[in-house]
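Every chain is numbered from 1, with letters handed out A, B, ... down the list of sequences.
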Protein chains: 2
Amino acid sequence: MSLRSQGSKRRAAPESSAQTSPTFQQDGKVGMKEIAERAKVTKMTVSRALRTPDKVAPETLRRITAAMEEMGFVPNSLAGSLSARNSPIVPVIVPTMANSIFSDFIEEVSLTLDRAGFTPIFGCSNFDNEYEERLLIKYLGWQPSAIILTGASQTPRTRDFCQRSGLPVIQTWCLPEHPLGRVVGFSNYDMLYQITKALQGWGYRNIGFGFLNTPNNDRSRQRRLGWEVAVREGGDEPLHTRAQGGELSLEAGADILRGILGRHPDTKAIAFGSDVHAVGAVLECKRLGLRIPDDIAITGCGDMGLSSVVSPTLTTVRIPGRTIGRECATMVNLSVVGTYAGPSTVNVGFEIVRRESA
Amino acid sequence: MSLRSQGSKRRAAPESSAQTSPTFQQDGKVGMKEIAERAKVTKMTVSRALRTPDKVAPETLRRITAAMEEMGFVPNSLAGSLSARNSPIVPVIVPTMANSIFSDFIEEVSLTLDRAGFTPIFGCSNFDNEYEERLLIKYLGWQPSAIILTGASQTPRTRDFCQRSGLPVIQTWCLPEHPLGRVVGFSNYDMLYQITKALQGWGYRNIGFGFLNTPNNDRSRQRRLGWEVAVREGGDEPLHTRAQGGELSLEAGADILRGILGRHPDTKAIAFGSDVHAVGAVLECKRLGLRIPDDIAITGCGDMGLSSVVSPTLTTVRIPGRTIGRECATMVNLSVVGTYAGPSTVNVGFEIVRRESA
DNA sequence: AACGTCTATGAAAAAGTTTTCTGCAAAACC
DNA sequence: GGTTTTGCAGAAAACTTTTTCATAGACGTT
């Protein structure tokens with residue numbers, strides 16, 4: 001049931017907010033020239049006051065600072081970056097921002113880069129490599145300081161542009177065989193390999209696999225490979241009919257469950273490449289009257305908020321999004337300064353979190 | 001239980017990725033000058049080829065396009081925007097990116113603005129108005145085309161800078177009494193007013209309120225007001241001991257539930273200002289052995305993924321994040337062109353979604 | 001007193017585009 | 001057939017800052 005409301009049309013108890021009080025003395029354009037005039041110096045000294053205040057006489061600095069405050073001066077970063085031949089901008093391209101998969105990562109990158117004086121720009125490729133290419137080229141036009149990309153399945157042109165840019169490039173959420181630059185990630189292969197092994201260790205057999213079905217998704221491919229190898233090592237054949245893909249939604253997870261169970265009623269566990277699918281499957285089991293984990297075990301990947309909320313709670317693989325974000329930001333920072341000395345690939349690992357569903 | 005794994009140290013089955021193949025003929029700096037030389041024109045014509053191709057002779061255009069392709073030219077947006085005296089950048093400041101509260105909104109704004117040729121920049125204020133002010137001033141330096149802000153509780157300085165910038169300013173997720181510019185939002189007051197009324201209609205009395213406890217959160221304040229008015233209209237007194245705040249986490253939701261129930265065991269329903277809290281409360285009820293909604297009813301706000309996954313499923317208020325995002329982006333687009341003709345405040349409304357918890 | 005060094009400031013060039021203005025040839029007009 | 005318009009392209013200025021180079025004076029040393 002769902003009641004619709006447009007809210008009251010009369011502005012009932014409108015949201016309060018402080019009235020604006022004019023603080024600044026000047027309207028119209030205010031650049032370094034205007035500040036300089038007011039402070040009786042040249043714009044050169046104004047520039048210095050901002051970037052190397054210790055090179056400016058205290059009294060002069062005071063006058064300049066006062067002028068800036070009074071006139072509400074905001075330095076033009078466009079001009080500054082153009083002149084300095086580099087900008088603090090750091091593009092970060094992720095497949096999606098809507099799902100909470102990457103949201104911890106995004107927030108941490110954002111906060112950490114901002115604190116370090118950079119300006120992150122987030123782009124959303126929608127799991128589409130061509131779109132990612134378009135975004136990258138667009139971002140390259142801003143003369144960024146570094147580039148952060150998700151995954152390893154960039155188009156050749158994307159790779160070329162990265163290489164030719166001469167910028168620090170960081171790939172994340174993966175462990176590529178041929179990295180573009182530095183890497184902060186984990187092994188998608190190993191993740192599914194380990195969780196499948198774990199399922200086997202807990203006594204489950206005939207393990208299926210549910211994955212995110214987007215074109216050119218190297219992370220899904222790696223996860224599938226991990227599942228296949230583990231299944232084979234367990235003495236079974238990783239039947240492709242026991243694996244099924246779907247888009248990123250709860251419904252797709254339910255579909256996958258029904259599909260695999262329909263083709264192979266003897267399936268005792270399904271390892272999903274995403275918590276979203278896994279949760280969808282758990283809910284579908286309830287609808288179908290299947291007991292978890294007795295009739296079938298379910299595992300996910302990501303340890304998103306959902307997984308500890310669903311009942312039964314989800315056994316999953318925790319990906320340390322915040323750590324990845326912080327690590328990426330630090331790496332950008334040090335790479336730009338040129339003092340990065342750590343390994344070119346940082347494996348942040350993952351953690352199997354056993355709950356009730358397996 | 002939780003097993004820790006760093007993944008295999010040997011790069012087991014490293015993630016595959018295409019090898020880079022050199023596509024471009026030239027390394028080193030390639031600007032319009034270089035393209036111009038190669039195409040036997042001046043950089044002026046190159047500039048025209050990019051922005052007004054119909055003003056360039058077909059044959060000339062062909063030569064220029066070919067040169068760009070061969071040399072992998074990326075126009076310098078810094079220079080372009082500086083010269084054109086405005087940039088396609090549009091800052092969007094939200095309180096948090098980590099929670100999925102705003103993630104639909106963010107993705108939709110990102111996609112829609114990108115398609116319209118803008119470059120959104122997302123900043124995260126962490127529910128801190130001073131930090132928001134800092135971010136805004138930093139972003140203003142990029143000479144943006146417009147500004148999108150969440151909420152109505154900006155500092156006076158923030159408001160001044162917005163006003164003085166002369167830019168289109170859009171506030172969202174609220175319906176401010178004194179808007180800075182245009183608004184795309186809904187009434188936070190009405191949201192809690194309506195859901196509380198609904199609870200009363202469903203027969204619940206002694207209704208409590210749980211809210212997000214961050215300093216200067218106008219949205220929480222408005223929601224609380226809505227609860228108070230509705231409770232009073234229902235003939236009860238909105239006791240401040242029946243309201244409790246907490247940070248944005250499941251645990252805080254559980255705390256709030258215990259707190260309110262501890263002080264007022266006769267409480268028959270709690271309306272939460274956030275799904276996160278509400279879900280935390282639902283889980284806590286299960287731990288405490290309380291039946292929902294028989295012993296106590298719970299409602300949330302936001303209709304995040306969590307709310308339809310928890311058991312019992314959550315009655316909540318759906319906020320149309322994607323719609324808000326699209327509307328904001330369209331408004332930016334039209335405002336910048338100067339052809340926006342719609343109302344200066346768009347109320348997207350909300351929708352009460354009744355599920356099992358009330 | 002001559003010299004070198006250091007500090008505080010300024011003048012001019014540079015960054016890579018777009019804007020504005022100008023020029024020229026060919027087409028269109030009457 | 002001369003004039004106006006149109007289509008295409010170039011030259012120079014502008015955008016606002018940083019970089020680079022220069023200079024004037026203070027101070028210390030020999």
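- At a cut-off of 3.5 angstrom, counting only N and O atoms as typed in the model, there is a donor on one side and an acceptor on the other between the side-chain of A/Lys43 and the base of D/dT17.
- Close to C/dG10, at under 4.0 Å from its OP1 or OP2, lies a side-chain N or O of A/Thr45.
- Residue A/Trp142 comes nearest to B/Ser81 through the heavy atom pair CH2-OG, 3.6 Å, listed as atom of the first residue, atom of the second, then distance.
- With rounding to whole Å, B/Met32 atom CE is found 14 Å from D/dG10 atom P.
- Atom pair A/Asn86:CG and D/dT19:C1' shows a separation of 13 Å (rounding to whole Å applied).
- The side chain of A/Val56 lies closest to C/dT9, out of D/dG10, C/dT9, D/dC8.
- Considering only side-chain N and O atoms, A/Ser47 lies under 4.0 angstrom from the phosphate OP1 or OP2 of D/dT18.
- With 3.5 Å as the limit, one finds a donor-acceptor pair spanning the side chains of A/Glu107 and B/Thr96.
- Distance alone, capped at 3.5 Å, is enough to place a donor-acceptor pair between the A/Asn217 side chain and the A/Arg219 backbone.
- Considering only the side chain of A/Arg51, D/dT19 comes nearest among C/dT17, D/dA9, D/dT19.
- With D/dT20, D/dA14, D/dC8 as the candidates, the nucleotide lying closest to the side chain of B/Arg85 is D/dA14.
- In this structure, B/Lys33 atom NZ and C/dA15 atom C1' are separated by 11 Å, rounded to whole Å.
- Across the protein-nucleic acid pair, A/Asn76 atom CG and D/dT18 atom C1' stand 12 Å apart, rounded to whole Å.
- Salt bridge A/Arg63/A/Glu59: present, at least one basic N to carboxylate O contact under 4.0 Å.
- If B/Leu82 and B/Arg48 are placed on DNA chain D by their nearest nucleotide, the residue sitting closer to the 5' end is B/Arg48.
- If you measure from atom CG of A/Leu61 to atom P of C/dA8, you get 11 Å, rounded to the nearest angstrom.
- When distances are taken from the side chain of B/Ala79 to each of D/dT18, C/dT17, C/dT20, the shortest belongs to C/dT17.
- If you measure from atom CG of B/Leu78 to atom P of D/dT17, you get 13 Å, rounded to the nearest angstrom.
- For B/Thr60, whose side chain is taken as the heavy atoms from C-beta onward, the closest listed nucleotide among D/dT18, D/dA9, D/dA12 is D/dA9.
- Between C/dT18, D/dA9, D/dT16, one nucleotide has an atom nearer to the side chain of A/Lys29 than all others, and that is D/dT16.
- If you take CD of A/Glu37 and P of C/dT9, they are 18 Å apart, rounded to a whole angstrom.
- B/Phe102 and B/Trp173 have tilted rings, their planes meeting at an angle from 30° to 60° on a 0 to 90° scale.
- Side-chain proximity of B/Thr42 to D/dA11, C/dG10, D/dA14: nearest is D/dA11.
- Atoms CD (A/Glu34) and C1' (D/dT16) sit 10 Å apart, rounded to a whole Å.
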